[in-house]
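Heads up: the structure comes next, in structure tokens.
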Amino acid sequence: MHTIVECVPNFSEGEDRNKVESILQALLAGPDVHLLGTQMDAGHNRTVVTFVASRESASEAALRAIGRAAELIDLNDHRGVHPRMGATDVVPFIPIKGVDLRHCVKIARSVAQETWRRFRIPTYLYEAAARDPRRKNLEYVRRGQFEQLREEVRKNPDRRPDFGDAELHPTAGATAVGARNFLIAYNINLNTTNLSLAKSVARKIRASDGGFPAVKAIGVDVKALGLVQVSINLTDFLTTSIGIVFDAVAAEAAHAGVTIESSEIVGLVPRRAIESADIPRLKLRNFGPHLILENQLAEAQGNVS
């Protein structure tokens with residue numbers, strides 16, 4: 001492919017593999033689409049899919065997956081620790097080769113409009129695709145999650161979608177569609193069930209509360225693992241690295257007499273972000289060459305660079 005766009009849709013289903021497989025089948029039912037990775041998480045009840053496509057094919061691939069997810073996932077029955085507002089919760093487009101962020105903004109806005117037109121799922125534009133500066137921040141868009149947004153969208157003009165009526169889809173909720181540069185989703189598991197500690201550590205490290213730049217973080221209770229987690233997004237790993245965040249969380253936890261049980265990368269990671277990291281020290285779970293973006297690209301595309 002002469003152009004490569006990455007897309008990392010997040011679906012609100014992390015338990016039923018048959019549903020996830022059906023979504024993947026729909027996603028891949030078109031030309032120039034290559035699956036790079038799928039990570040199901042029962043505790044978060046969420047699946048993160050990474051695929052690449054040509055600039056011309058990325059939109060339809062995402063729309064096929066969004067439509068299938070709407071058929072299979074009912075948010076009224078969904079329970080999980082990760083914030084969510086839609087069956088397809090977020091759909092970010094990332095430039096990889098032969099495209100830039102402006103192209104991804106155009107793709108995102110087209111997908112958002114078509115998601116409403118085809119499936120009657122209201123959509124919000126976020127990150128670089130946002131038309132409202134406040135909506136650049138996904139947390140602002142998704143606050144209150146499905147249940148609260150469902151009520152507020154009817155009466156608060158500030159919560160109206162970019163595309164769609166002032167009413168969420170009854171089962172599929174709403175979807176945020178955006179364009180951004182590469183983001184690393186990184187979780188650190190603490191050897192404790194103290195959720196207050198995880199939330200406190202998250203506040204200490206995230207940029208919005210005066211912590212590290214380019215870091216977003218929340219504390220969550222992962223009952224499936226019997227511990228709590230600091231769930232982190234690194235929006236610029238060159239500014240704040242995985243190692244810096246790990247050391248900061250370890251230090252904050254140590255003040256409370258708590259150690260780190262493990263950490264994990266969700267989705268794929270660029271080689272530059274991990275090549276100088278001390279993997280054993282980071283206690284990375286299930287880490288291997290399959291999580292390196294460049295490796296997956298080469299395999300999927302026959303040594304594409």
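Sequential numbering from 1 along the given sequence is applied to the chain's residues. Source: prediction; values computed, not measured.
- The nearest pair of heavy atoms linking F182 to P270 is CE2-CD, 3.1 Å.
- Taking a cutoff of 4.0 Å between a charged side-chain nitrogen and a carboxylate oxygen, R281 and D247 qualify as a salt bridge.
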Point to revise | Audit row: I4, V99, side chain to side chain contact (heavy atoms under 4.5 Å, CB included) steps and yes/no | key: CA-CA 7 Å; I4 300 177; V99 293; over 6 Å; no
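- With hydrogens and angles disregarded, a donor-acceptor distance shorter than 3.5 Å links the side chain of R159 to the backbone of V141.
- Partners of Y126 by side-chain hydrogen bond (donor to acceptor under 3.5 Å, both in side chains), not counting sequence neighbours: none found.
- A donor-acceptor pair under 3.5 Å is formed between the side chain of H103 and the backbone N or O of D100.
- One distance of note links CG of D16 with CG of L72; it measures 8.5 Å at 0.5 Å rounding.
- Heavy-atom minimum distance, L190 versus L227: O-CB, 3.2 Å.
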Practice item. Walk me through it: do F93 and V177 pass the test side chain to side chain contact (heavy atoms under 4.5 Å, CB included)? Key: CA-CA 8 Å; F93 292 93; V177 188; 3.9 Å; yes
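- Using a 4.5 Å heavy-atom cutoff, the side chains of R206 and V230 are not in contact.
- Annotation: the span from I292 atom CD1 to E294 atom CD amounts to 7.0 Å, rounded to 0.5 Å.
- Formation of a donor-acceptor pair under 3.5 Å by the D165 side chain with backbone atoms of E167 is not found in this model.
- Atom CZ of residue R102 and atom CD1 of residue I107 lie 13.0 Å apart, to the nearest 0.5 angstrom.
- A donor-acceptor pair is defined here as one N or O able to donate and one able to accept, closer than 3.5 Å; such a pair exists between the side chain of T235 and the backbone of A214.
- Around atom NZ of K199, no more than 12 heavy atoms belonging to other residues, nucleotides or ligands sit under 6.0 Å away.
- Closest of all the heavy-atom pairs between F51 and A62 is CZ-N, 4.1 Å.
- In this structure, SG on C7 lies 6.5 Å from CD1 on I94, to the nearest 0.5 angstrom.
- G226 and T193 make their closest contact through O-CG2, 3.6 Å (heavy atoms, listed as atom of the first residue, atom of the second, distance).
- Between the side chain of T240 and the backbone N or O of P213 there is at least one donor-acceptor pair closer than 3.5 Å.
- Put simply, the side chain of L27 does not reach to within 4.5 Å of the side chain of R64, judged on heavy atoms.
- A continuous path of ILVMFWY side-chain contacts below 4.5 Å connects V258 to V228, so both sit in one hydrophobic cluster.
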Exercise for review: Evaluate the side chain to side chain contact (heavy atoms under 4.5 Å, CB included) criterion for residues R142 and V90: first the C-alpha distance (whole Å), next the side-chain angles of each, then the deciding distance (0.1 Å), finally the verdict.
Suggested key: CA-CA 10 Å; R142 196 167 54 193; V90 294; 3.8 Å; yes
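- Electrostatic pairing of R84 and E147 counts as a salt bridge here, judged by a charged N lying under 4.0 Å from a carboxylate O.
- Clustering ILVMFWY residues whenever any of their side-chain heavy atoms sit less than 4.5 angstrom apart, transitively, puts F237 in the very cluster that holds F287.
- The main-chain N or O of N45 is found under 3.5 Å from a side-chain atom of H78 such that the two form a donor-acceptor pair.
- Side-chain N/O atoms of Q229 and N189 include a donor and acceptor closer than 3.5 Å.
- Without hydrogens or angle criteria, N156 side chain to V153 main chain gives no donor-acceptor distance under 3.5 Å.
- Taken together through direct or relayed side-chain contacts under 4.5 Å among Ile, Leu, Val, Met, Phe, Trp and Tyr, V20 and I66 form parts of separate hydrophobic clusters.
- Minimum heavy-atom separation, P170 to F146: O-CZ, 4.0 Å.
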Exercise for review: Before giving the answer on side chain to side chain contact (heavy atoms under 4.5 Å, CB included), spell out for E21 and T38 the whole-Å C-alpha distance, their side-chain angles and the decisive distance to 0.1 Å.
Suggested key: CA-CA 10 Å; E21 287 296 329; T38 304; over 6 Å; no
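- In terms of heavy-atom proximity, L293 sits nearest to L36 at CD1-CD1, 3.9 Å.
- Remark: A130 pairs with R135, K136 by the side-chain contact (heavy atoms from CB on, under 4.5 Å) rule, at least two apart or across chains.
- Side-chain contact between L63 and T115 is present, with heavy atoms from C-beta onward closer than 4.5 Å.
- Taking a cutoff of 4.0 Å between a charged side-chain nitrogen and a carboxylate oxygen, E275 and R271 do not qualify as a salt bridge.
- Neither I265 nor V222 shares a network with the other; the hydrophobic side chains, linked directly or stepwise wherever heavy atoms of I, L, V, M, F, W or Y lie under 4.5 Å apart, form separate groups for each.
- Within the 4.5 Å cutoff, the side chain of L282 has heavy atoms near those of the Y186 side chain.
- Within a 6.0 Å sphere centred on CZ of R272, heavy atoms belonging to other residues, nucleotides or ligands number 12 at most.
- By the ring-ring contact (aromatic ring centres under 6.0 Å, His included) test, H82 pairs with H44, sequence neighbours left out.
- Cluster membership for F246 and I218, using ILVMFWY side-chain heavy atoms within less than 4.5 angstrom, is not shared.
- Between D162 and R131 there is no salt bridge, since none of the side-chain N atoms of the basic residue sits less than 4.0 Å from a carboxylate O of the acidic one.
- Side-chain contact check for Q296 versus T50: every heavy-atom pair is 4.5 Å or farther apart.
- The CG atom of L149 sits 4.0 Å away from atom OH of Y124, with the distance rounded to the nearest 0.5 Å.
- A 6.0 Å sphere centred on CZ of R17 holds no more than 12 heavy atoms belonging to other residues, nucleotides or ligands.
- No donor-acceptor pair closer than 3.5 Å links the side chain of N187 to the backbone N or O of A185.
- Side chain of R46 to backbone of G14: no donor-acceptor contact under 3.5 angstrom is found.
- To the nearest 0.5 Å, the span separating CD on E264 from CD1 on I188 amounts to 10.5 Å.
- Remark: the backbone N or O of A129 is paired with a side-chain donor or acceptor of R109 at under 3.5 angstrom.
- Both tests pass for R120 against the ring of W116: distance under 6.0 Å to the centre and angle within 45° of the axis.
- Salt bridge R68/E13: absent, no basic N to carboxylate O contact under 4.0 Å.
- The closest side-chain heavy-atom distance from I184 to I232 is not below 4.5 Å.
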